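What follows is a single structure, written as structure tokens, with notes after it.
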Amino acid sequence: METKIIVQDRNLWNRIREFSPDAPGADLPFSKKLALEENWTESFTRKAVEEYKKFVYLCCIVPGGASPSRVIDKVWHMHLIYTRNYWEEFCPNVLQQKLHHHPSNGGRNEKAKHETWFSETLKNYGEVFHQQAPEDIWTDKKEQKKYKKPGLQNIKMVSLLSVIFMLSSCSDVVYSISALFIVIPVLFIAGAFLNRNNNPKDRNNNGGGSSCGNGGDAGSSGCSNSCGNSCGSGCGGCGGGGD
């Protein structure tokens, strides 16, 4: 197997580290919008953005690129929504190259490939930054949940308790049964909606897969000559979480 030589670029890392996606003077800057969208605490959001920067750096210097965790992929998706900032400032001025996010074609082979990329990314992270990738951002879903703000999911328990109280205080059996037929389906629908982001299939690094490249088809599942020199020497990484 050919040894991959990682050549670090201090100037590139300094540009990435100093970059801020937050627009000066904005009432709702990138980081606050990200925290609101994902229901993250401010401290966890800041850490996620910093780890996103490290991921991007690995994409640029590691042959074959890098694979993001579920958390980092969410930061990346949010950044891509800020198209002017991403494509007109971040890529040309900071990275000085294009960094595309290509969704995977799915399937067992793609899943296995992205799992391998993710393992290699964690290994490369340690070699480049001389520390272990933080578990709360990269690998541990239970740890990530600690940084979630108390959200609307609590409404399920409150609603259930309300129903129990209502039924216990109701003397009309017919009314009680009718209320159950109305309220219980509503609770199931609300529960499904509130838990849409907590699907057990939504794993850290293989929730569908993605890859990066300079040009080429967004559905490309492997490296090809069309990927150019973006994301290291090819498009073989910079993917992981589902699109």
Side-chain angles (χ1 to χ4, degrees), residues 4-26 29-35 37-38 40 42-102 117-118 120-139 204-205 210-215 227-241 243:
K4 296 181 179 180
I5 300 176
I6 301 175
V7 179
Q8 297 208 43
D9 187 334
R10 184 174 296 274
N11 290 331
L12 171 62
W13 171 238
N14 287 335
R15 291 196 303 270
I16 294 175
R17 185 176 56 182
E18 294 170 2
F19 172 80
S20 174
D22 289 342
F30 175 91
S31 58
K32 286 189 176 182
K33 183 175 177 62
L34 178 63
E37 290 277 339
E38 300 301 332
W40 292 342
E42 291 185 9
S43 60
F44 184 81
T45 302
R46 286 194 298 269
K47 188 174 183 180
V49 171
E50 291 306 309
E51 290 302 312
Y52 165 67
K53 293 180 181 181
K54 292 179 181 179
F55 158 73
V56 168
Y57 180 61
L58 291 176
C59 280
C60 295
I61 68 167
V62 175
S67 176
S69 68
R70 175 177 170 272
V71 169
I72 290 175
D73 199 50
K74 288 182 178 295
V75 181
W76 195 9
H77 276 232
M78 177 66 74
H79 198 185
L80 286 165
I81 292 175
Y82 287 70
T83 56
R84 192 177 296 275
N85 178 283
Y86 188 87
W87 290 113
E88 297 183 9
E89 181 180 352
F90 187 60
C91 285
N93 299 331
V94 178
L95 305 185
Q96 297 181 357
Q97 60 180 283
K98 294 178 181 179
L99 186 62
H100 286 285
H101 186 294
H102 292 336
W117 285 345
F118 187 71
E120 291 178 352
T121 295
L122 296 179
K123 177 177 176 291
N124 293 330
Y125 183 106
E127 293 178 357
V128 171
F129 297 107
H130 307 292
Q131 64 185 54
Q132 200 171 28
E135 290 185 353
D136 56 347
I137 302 293
W138 286 87
T139 56
N204 279 313
N205 63 304
S210 56
S211 62
C212 75
N214 183 9
C227 288
N229 293 321
S230 179
C231 189
S233 63
C235 68
C238 303
D243 200 34

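Everything numeric in this text was worked out from a predicted model, so none of it was measured.
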When rounded to the nearest 0.5 angstrom, what distance separates [atom1] in [X] from [atom2] in [Y]?
{"X": "N11", "Y": "I16", "atom1": "CG", "atom2": "CD1", "value": "11.0 Å"}
{"X": "E42", "Y": "R46", "atom1": "CD", "atom2": "CZ", "value": "6.0 Å"}
{"X": "W138", "Y": "Q132", "atom1": "CH2", "atom2": "CD", "value": "12.5 Å"}
{"X": "F55", "Y": "N124", "atom1": "CZ", "atom2": "CG", "value": "12.5 Å"}
{"X": "C59", "Y": "W76", "atom1": "SG", "atom2": "CH2", "value": "5.5 Å"}
{"X": "K32", "Y": "T45", "atom1": "NZ", "atom2": "OG1", "value": "11.5 Å"}

Carefully, step by step, assess F129 and L58 under the rule side chain to side chain contact (heavy atoms under 4.5 Å, CB included).
-> CA-CA 10 Å; F129 297 107; L58 291 176; 4.1 Å; yes

Output field: ring centroids H100/W87 closer than 6.0 Å = yes

Check whether any side-chain heavy atom of [X] sits under 4.5 Å from a side-chain heavy atom of [Y], and report yes or no.
{"X": "C60", "Y": "D9", "answer": "no"}
{"X": "H77", "Y": "H101", "answer": "yes"}
{"X": "F44", "Y": "I137", "answer": "yes"}
{"X": "K33", "Y": "I81", "answer": "no"}
{"X": "F19", "Y": "L95", "answer": "no"}

Please check if atom CD in Q96 has more than 12 non-hydrogen atoms from other residues, nucleotides or ligands closer than 6.0 Å.
->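 Above 12, so yes.
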
Would you call the rings of F90 and Y86 parallel, tilted or perpendicular if under 30° counts as parallel and over 60° as perpendicular?
-> tilted

In terms of the angle between their ring planes, are H79 and F30 parallel, tilted or perpendicular, with boundaries placed at 30° and 60°?
-> perpendicular

Pairing of K53 and E50 as salt bridge, 4.0 angstrom limit |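 Judged by the 4.0 Å cut-off on N to carboxylate O distance, K53 and E50 do form a salt bridge.
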
Cationic N near anionic O, under 4.0 Å, K54 to E51 =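 Answer for the salt bridge query: yes.
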
With no hydrogens and no angle check, is any side-chain donor or acceptor of [X] less than 3.5 Å from a backbone partner on [Y]?
{"X": "Y125", "Y": "P134", "answer": "no"}
{"X": "D22", "Y": "S31", "answer": "yes"}
{"X": "S67", "Y": "T121", "answer": "no"}

Taking it one step at a time, do W40 and K74 satisfy side chain to side chain contact (heavy atoms under 4.5 Å, CB included)?
-> CA-CA 11 Å; W40 292 342; K74 288 182 178 295; 4.1 Å; yes

Check P68 against I72 and note the closest heavy-atom contact, atom names and distance.
->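 Scanning both residues, the minimum pair turns out to be CB-CG2, 3.8 Å.
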
Can you name the nearest heavy-atom pair linking D136 to K47, along with the distance?
->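 What the structure gives for the nearest pair is OD2-NZ, 2.9 Å.
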
Non-neighbouring partners of E18 that pass salt bridge (Lys or Arg N to Asp or Glu O under 4.0 Å), sequence neighbours left out |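 Expected list: none.
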
